[in-house]
Every structure is written in C-alpha cells, then in structure tokens.
Amino acid sequence: MEVTGNSASSSAAESEIGSPVTTPGRAVDTLAHLLKGHGAKVPEEVRANACILLGQVGREDGVGKERVPELVKLKAELRPLLVSAADAEKESRLKTAAAGALQRWGRGK
C-alpha cells in the first residue's frame, strides 16, 4: 500500500484556511489585524495600545535615514486604519490613541 505525504499536509492546509485564527506574516500585518478589530474579538484597549505603539514607531525622529523608506511604507499601509479609528463619531480611548498617533506622524486633528 502506498502512502502519500500529501494527504496529511492538504488536510492541515484546509484546516488552516478555514480557521478564524491566522498568523500574520509581518509585525505590520499583526498591527493592522489588531486595528481592524474584527468585531468584538479584539478588545478596544488592545487596539488603542496598537495605536500608541504605532505613534511611537512612526515618529520622524525615531529612525535613522536608512530606515525612512520603511517608515514611509509603514505609514502608507496603516494610516487609513488610524484615520478610520480617529474619525469615529463615538469618543473612546481608541479614537484618542489613533488621533495621537496621527498627530505624532504629522497629521494634527
């Protein structure tokens, strides 16, 4: 009887695809996942902390000249999520943290 290695790996792959828990490939992806919130799955406090972290990481004076292209890319990817959170109508810790991050990035509100 021949045993193929594909059967175990394909069922694992199917399981991972359908799983609500996935592992983002980069730290930026993890932060984006947190900011999106996915309903009530991610507590607001965690999302606010992600904004605070991004505010610090994204400061212009926080990186050397060699890292500026990476910083520009990070901001391009995550700014829309921060803007969305900062422009929310309901006052919240998340809204305040997102607005603070954008302010540190050079967008005052």
Side-chain angles (χ1 to χ4, degrees):
M1 180 173 165
E2 185 177 302
V3 177
T4 62
N6 291 346
S7 62
S9 64
S10 66
S11 66
E14 289 171 14
S15 170
E16 291 171 15
I17 291 171
S19 174
V21 179
T22 58
T23 306
R26 307 172 300 161
V28 169
D29 297 332
T30 300
L31 292 171
H33 177 79
L34 291 173
L35 287 174
K36 289 176 186 172
H38 297 285
K41 292 181 182 180
V42 179
E44 181 183 30
E45 182 178 355
V46 173
R47 295 173 70 202
N49 287 340
C51 292
I52 292 166
L53 174 64
L54 285 170
Q56 291 300 314
V57 169
R59 287 185 2 244
E60 299 279 330
D61 62 350
V63 298
K65 289 181 182 181
E66 70 281 355
R67 303 292 303 264
V68 170
E70 293 173 34
L71 183 61
V72 169
K73 185 176 178 183
L74 172 114
K75 288 180 177 182
E77 288 185 42
L78 297 176
R79 184 179 303 273
L81 296 172
L82 289 173
V83 168
S84 177
D87 290 345
E89 292 195 21
K90 180 182 155 196
E91 288 299 320
S92 66
R93 183 169 182 223
L94 174 61
K95 178 178 179 157
T96 302
L102 289 168
Q103 190 172 28
R104 281 186 217 74
W105 284 12
R107 174 196 167 203
K109 277 206 70 135

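Between Lys75 and Leu71, some side-chain heavy-atom pair lies under the 4.5 Å cut-off. Between Val42 and Leu35 the shortest side-chain heavy-atom distance does not fall below 4.5 Å. In this structure the side chain of Val46 reaches within 4.5 angstrom of the side chain of Pro43, judged on heavy atoms.
Under a cut-off of 6.0 angstrom, the local environment of CZ in Arg59 is crowded, with over 12 non-hydrogen atoms contributed by other residues, nucleotides or ligands. Within 6.0 Å of the CD atom in Glu45, the count of heavy atoms belonging to other residues, nucleotides or ligands does not exceed 12.
Val28 and Leu102 fall within a single hydrophobic cluster, where Ile, Leu, Val, Met, Phe, Trp and Tyr side chains are chained together by heavy-atom contacts under 4.5 Å. Leu54 and Ile52 fall into different hydrophobic clusters, where Ile, Leu, Val, Met, Phe, Trp and Tyr residues are linked whenever their side-chain heavy atoms come under 4.5 Å apart, directly or through other members. Hydrophobic clustering (side-chain heavy atoms under 4.5 Å, transitive across Ile, Leu, Val, Met, Phe, Trp, Tyr) groups Val72 together with Leu81.
Shown here are the salt bridge (Lys or Arg N to Asp or Glu O under 4.0 Å) partners of Glu89, two or more places apart in sequence or in another chain: there are none.
The structure places CG of Asn49 at 5.0 Å from CZ of Arg93, a figure rounded to the nearest 0.5 Å. One finds the CG atom of Leu78 at 6.5 Å from the CG atom of Leu31 (value rounded to the nearest 0.5 Å).
Between Arg47 and Glu44 there is no salt bridge, since none of the side-chain N atoms of the basic residue sits less than 4.0 Å from a carboxylate O of the acidic one.
The minimum heavy-atom distance linking Glu77 with Pro80 is given by the pair O-CD, 3.8 Å. Between Ala48 and Leu94, the shortest heavy-atom contact is N-CD1, 3.8 Å. Nearest heavy-atom pair across Ala86 and Ala98 is N-CB, 3.7 Å.
Judged by distance alone, the side chain of Asp29 and the main-chain N or O of Arg26 form a donor-acceptor pair under 3.5 Å. Put simply, the side chain of Trp105 never gets that close to the backbone of Gln56: no donor and acceptor are under 3.5 Å apart. Remark: the backbone N or O of Lys90 is not paired with any side-chain donor or acceptor of Lys95 at under 3.5 angstrom.
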